[in-house]
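Following: one structure in structure tokens, then a few remarks.
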Amino acid sequence: MADSSHRDPPGGEPGADFVRTAVRDDLASGRFDRVQTRWPPEPSGYPNIGHAKAALLNADVAGEFDGSCTLRFDDTNPERESVEYVEAFRDDMAWLGITWQQVRFASDYFGRLFEFAERLVQAGDAYVCSLTADQVREYRGAPTRPGRPSPDRDRSPDENLQLLRRMREGEFPDGSYTLRARIDMASPNLNLRDPVMYRIRHAEHHRTGGEWCIYPSYDWAHGQSDSIEGVTHSLCSLEFENNRPLYDWFLQHLESELQSRQIEFNHLYIAHATFGKRVVRALIEKGVVRGWDDPRLLTIRGLRRRGYTAAAIRGFVRSVGVTKTRVLIDPAQLEYYLREELNRTAQRRMAVLDPLRVVITNYPQGRTEQVTAENNPEDETAGSHELPFSGELYIEADDFMEDPPRKFFRLALGREVRLKHAYYITCDEVVKDTDGRVVELRCSYDPESRGGGTADGRKVKGTLHWVSAPHAVDAEVRLYDHLFSREDMVSLPEGTTAADYVNPDSETVLSTCKIEPALAGVADGTTYQFLRKGYFVADPDGSVDRPVFNRAVGLRDSWAKQQAAAPPG
RNA sequence: UGCCCGAUGGUGUAACGGUAGCACGACAGACUCUGGAUCUGUUUGUUAAGGUUCGAAUCCUUAUCGGGCAGCCA
């Protein structure tokens, strides 16, 4: 079971969603006397935050009812699956802190599945069909029109059995035969119109190698795997609602002792983001993103590289709830969980993203002193660290305005502000280049204000972050925004693709940043708060000489908000 | 125009016939050595029309809108 210290869902009673209610009812009614779940991802890509929701739901439900949960790879399509992806799922889920009572593969059951299939054939419930894929589609009919029976539908069980065994022996080429369940070609549910159970694929499987040349379809493998494992509650997403009658049909016709119950819940979708594996693949191929771990992607690796923590992801995913409603969640909700955690835990450092040079004219030439900075005002136990102060500093360029509007609380000509943890400074002179751009500020400091306050108790309106120029380390900082400008990336207008909606400002690279010395060489995945700027994590692209930081999420910025609402003019 | 599923503020989510609540966001104010955090307050909602009932977001009917299903994908 995953971390049990999760917060209760906002609003309702904990564990009151319809899935848990159903499980509780099943226990009360005696339909089941225990709870076992499984999470069945297909290892055909890298997991994303949506996978985390499903994985956590299965793990949590099992844990809450003293049951067990299996990670079971649904590896029935060898052509798309690989050990690389299996490892990715295992690693990413482990990083998320989600654990299982056992790990299995659907391919572990290929032998049992084949025996089950033989049983169905012998009972006249399945047959070998020689129709081509195109013909199968045509014979299936349409939603408003019944299908037609395959010419092979009434072949004898003995003949079907011989054919099935020859399929398995590799006597036939790909696509020549399928094994189909014999159900109802007129069913209003298309899934029941003699669905395919086995197809011939002479392909190497990442676990069974060349042992098999026929592979079970999802519907066939999935429910029977549940049954073999003793799964009581098979939680899956909404798109399988129409498959539930088929799930039940197989179980009943196999006369399984355990009739597992399939319950469908809604997918996690977040606005301005994509979740499709093929979409991500296409974006990588086009160079829109750099890989599965691009910080703009909501893959687990992307979020991790972006600076998200496992706890924040878990908190978010549990907070969005489990329903049957199609939802598109506001990404601000995800960001909230990160800020909420990092505000409590992240150490504070100072970094100037867009440096403007400041010379303290009355500060002793060549002198350096150390000032003390608390590591986290929210956590007294976090301690403090020292940082150098000198007569040459950098402050943020937009923390100065020559002719400021009334609500601007920062530095301006003739105005006094506080340098966080250091001194009060007053701007005496503005130095400009030939184009009239501000290139340097000449300021004076009040030696009595060391540490950020004075005996006279006078107030300063603004407090700025800064770094000492001679001691600063050069760094690159990458700011991120939504990958797509379009809100709903789940359903796109006809004729458009995700690439058409890429936000050109999804990544902004700042290459002239100056960071405090304590920040050099922290390439360890720890997320810091850069004072007044947001939460940042070192990116593996950086080096000790030149660190690179990703902004995971910004701080709430009421000044910027005001500016956006009423632009200066 | 077949079958299945869904619809509660801007976004999520509670209320299993009895006061429509919570979270996020937004807005306003207080406070502040981060315009952060924190605190306080405000705004906005049961898709529609009928029916059952003393009483309906909840039960029934119909409509509307949205989603899913015609892979030898999952």
Side-chain angles (χ1 to χ4, degrees), chain A residues 7-13 16-17 21 40-42 44 74 76-77 79-80 129 131-133 136-138 140-147 174-175 177-180 187-193 195-201 214-215 217-219 221-222 236-245 264 266 271 319-337 339-340 343-344 348 350 374 377-378 407-410 418-422 424 451-453 459-465 490-491 529-534 554-562 565:
Chain A
R7 54 183 47 225
D8 295 333
E13 287 299 304
D17 62 67
T21 302
E42 186 195 19
S44 60
D74 216 323
T76 57
N77 188 348
E79 283 156 321
R80 343 196 292 181
C129 177
L131 254 27
T132 64
V136 167
R137 186 179 319 122
E138 186 199 324
R140 184 158 28 228
T144 53
R145 191 180 72 242
D174 286 5
Y177 287 103
T178 54
L179 182 72
R180 294 225 258 161
S187 172
N189 183 341
L190 285 314
N191 290 119
L192 263 19
R193 316 249 264 224
V196 169
M197 295 167 60
Y198 276 106
R199 69 278 212 200
I200 301 175
R201 279 286 131 70
I214 60 173
Y215 290 96
S217 63
Y218 164 85
D219 287 302
H222 186 78
C236 64
S237 50
L238 251 26
E239 68 262 38
F240 295 107
E241 276 175 323
N242 293 330
N243 298 55
R244 178 157 26 96
E264 311 86 12
N266 63 349
S319 79
V320 299
V322 179
T323 65
K324 295 184 73 119
T325 317
R326 295 266 161 185
V327 299
L328 190 62
I329 292 163
D330 186 341
Q333 215 145 149
L334 208 206
E335 294 175 350
Y336 166 79
Y337 280 88
R339 285 200 192 94
E340 198 269 331
N343 177 52
R344 285 184 285 110
R348 272 61 167 173
M350 293 204 281
E374 63 198 347
E378 304 291 320
K407 288 270 188 96
F408 187 82
F409 302 150
R410 309 174 187 182
R418 172 167 38 233
L419 295 179
K420 181 79 176 173
H421 306 306
Y424 291 180
K459 301 260 188 216
V460 290
K461 210 57 163 132
T463 300
L464 310 186
H465 62 280
V490 178
S491 53
Q529 185 192 109
F530 287 3
L531 235 55
R532 305 206 298 139
K533 284 295 168 188
L555 254 23
R556 265 199 210 84
D557 186 344
S558 45
W559 169 246
K561 207 175 280 177
Q562 269 182 48

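Each chain gets a letter, A, B and so on, in the order its sequence line appears, and its residues count up from 1. Note that these values count all heavy atoms, side chains included, but never hydrogens, waters or copies made by symmetry.
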Looking at [options], which one has an atom nearest to any side-chain atom of [X]?
X: Arg140(A); options: G25(B), A74(B), G71(B); answer: G71(B)
X: Asn343(A); options: G36(B), C72(B), C24(B); answer: G36(B)
X: Asn77(A); options: C73(B), G6(B), G2(B); answer: C73(B)
X: Trp559(A); options: G35(B), G36(B), A74(B); answer: G35(B)
X: Asn242(A); options: U34(B), G35(B), C69(B); answer: C69(B)
X: Val320(A); options: G12(B), U34(B), A70(B); answer: G12(B)
X: Ile329(A); options: G2(B), G12(B), G68(B); answer: G12(B)
X: Gln333(A); options: A70(B), A23(B), U34(B); answer: A23(B)
X: Asn243(A); options: U13(B), U34(B), A74(B); answer: A74(B)
X: Lys420(A); options: C73(B), G68(B), U34(B); answer: U34(B)

Rounded off to whole Å, could you give me the [atom1]-to-[atom2] distance for the [X] and [N] pair?
X: Arg348(A); N: U34(B); atom1: CZ; atom2: P; result: 11 Å
X: Leu464(A); N: U34(B); atom1: CG; atom2: P; result: 11 Å
X: Tyr336(A); N: G12(B); atom1: OH; atom2: P; result: 18 Å
X: Ile200(A); N: G71(B); atom1: CD1; atom2: C1'; result: 16 Å
X: Arg199(A); N: G71(B); atom1: CZ; atom2: C1'; result: 9 Å
X: Tyr177(A); N: C72(B); atom1: OH; atom2: P; result: 18 Å
X: Arg339(A); N: A23(B); atom1: CZ; atom2: P; result: 17 Å
X: Gln529(A); N: G35(B); atom1: CD; atom2: C1'; result: 13 Å

Considering just the side-chain nitrogens and oxygens of [X], establish if one lies under 4.0 Å of OP1 or OP2 belonging to [N].
X: Arg193(A); N: C69(B); result: no
X: Arg201(A); N: C73(B); result: yes
X: Asn266(A); N: U13(B); result: yes
X: Lys561(A); N: A26(B); result: yes
X: Ser558(A); N: G36(B); result: yes
X: Thr76(A); N: A74(B); result: yes
X: Arg137(A); N: G71(B); result: yes
X: Ser217(A); N: C72(B); result: no

Taking the [atom1] atom of each, how far is [N] from [M], in whole Å?
N: A7(B); M: A57(B); atom1: P; result: 15 Å
N: G68(B); M: A26(B); atom1: P; result: 31 Å
N: C31(B); M: G12(B); atom1: P; result: 37 Å
N: C65(B); M: C60(B); atom1: P; result: 22 Å
N: A30(B); M: G55(B); atom1: P; result: 49 Å
N: C54(B); M: G6(B); atom1: P; result: 29 Å
N: G36(B); M: G25(B); atom1: P; result: 13 Å
N: C22(B); M: G9(B); atom1: P; result: 16 Å

Check: Can you find a donor-acceptor pair, distance only, under 3.5 Å between Arg410(A) side chain and G35(B) base?
Finding: yes
Item checked: Syn-anti status, with the boundary at 90° from 0, for the nucleotide G71(B) -> syn
Note to self: For the NZ atom on Lys461(A), are there more than 12 heavy atoms of other groups (residues, nucleotides or ligands in this structure) within a distance under 6.0 Å?
What the structure shows: no
Who does [N] pair with, Watson-Crick or G-U, both distances under 3.5 Å?
N: G36(B); value: none
N: C59(B); value: G51(B)
N: C72(B); value: none
N: U64(B); value: A7(B)

Margin query: If you assign each of Asn189(A) and Gly453(A) to its closest nucleotide in RNA chain B, which residue comes earlier from the 5' end?
Written below: Asn189(A)
Notebook entry, point to check: Starting at the 5' end of RNA chain B and moving along, which residue's nearest nucleotide shows up first, Asn191(A) or Glu378(A)?
Noted result: Glu378(A)
Using a cut-off of 4.0 Å on non-hydrogen atoms, how would the nucleic acid contact of [X] be classed: base, sugar-phosphate, or nothing?
X: His421(A); result: base
X: Pro377(A); result: base
X: Phe408(A); result: base
X: Arg145(A); result: nothing

Check: Within the side chain of Arg193(A), is there an N or O that forms a donor-acceptor pair under 3.5 Å with the backbone of Ser187(A)?
Finding: yes
Notebook entry, point to check: Any chance the side chains of Asp219(A) and Asn243(A) put a donor and an acceptor closer than 3.5 Å?
Noted result: yes
Next item on the list: Would you check if there is a donor-acceptor pair between the side chains of Thr323(A) and Asn266(A) at a distance under 3.5 Å?
Entry: yes
Check: Can Tyr218(A) be classed as stacking with the base of A74(B), given a centroid separation cut-off of 5.5 Å and a plane angle cut-off of 30°?
Finding: no
Next item on the list: Indicate yes or no: does Arg348(A) engage Glu374(A) in a salt bridge with an N to O separation below 4.0 Å.
Entry: no
Note to self: For Arg326(A) and Val490(A): C-alpha separation, side-chain torsions, deciding distance, then whether side chain to side chain contact (heavy atoms under 4.5 Å, CB included) applies.
What the structure shows: CA-CA 11 Å; Arg326(A) 295 266 161 185; Val490(A) 178; over 6 Å; no
Check: Which heavy atom of Pro40(A) sits nearest a heavy atom of His222(A), and at what distance?
Finding: CG-CE1, 3.6 Å
Notebook entry, point to check: Can you find a heavy atom in the side chain of Glu241(A) that is under 4.5 Å from one in the side chain of Lys324(A)?
Noted result: yes
Item checked: Nearest-0.5 Å distance that lies between atom OH in Tyr424(A) and atom CG in Leu419(A) -> 11.0 Å
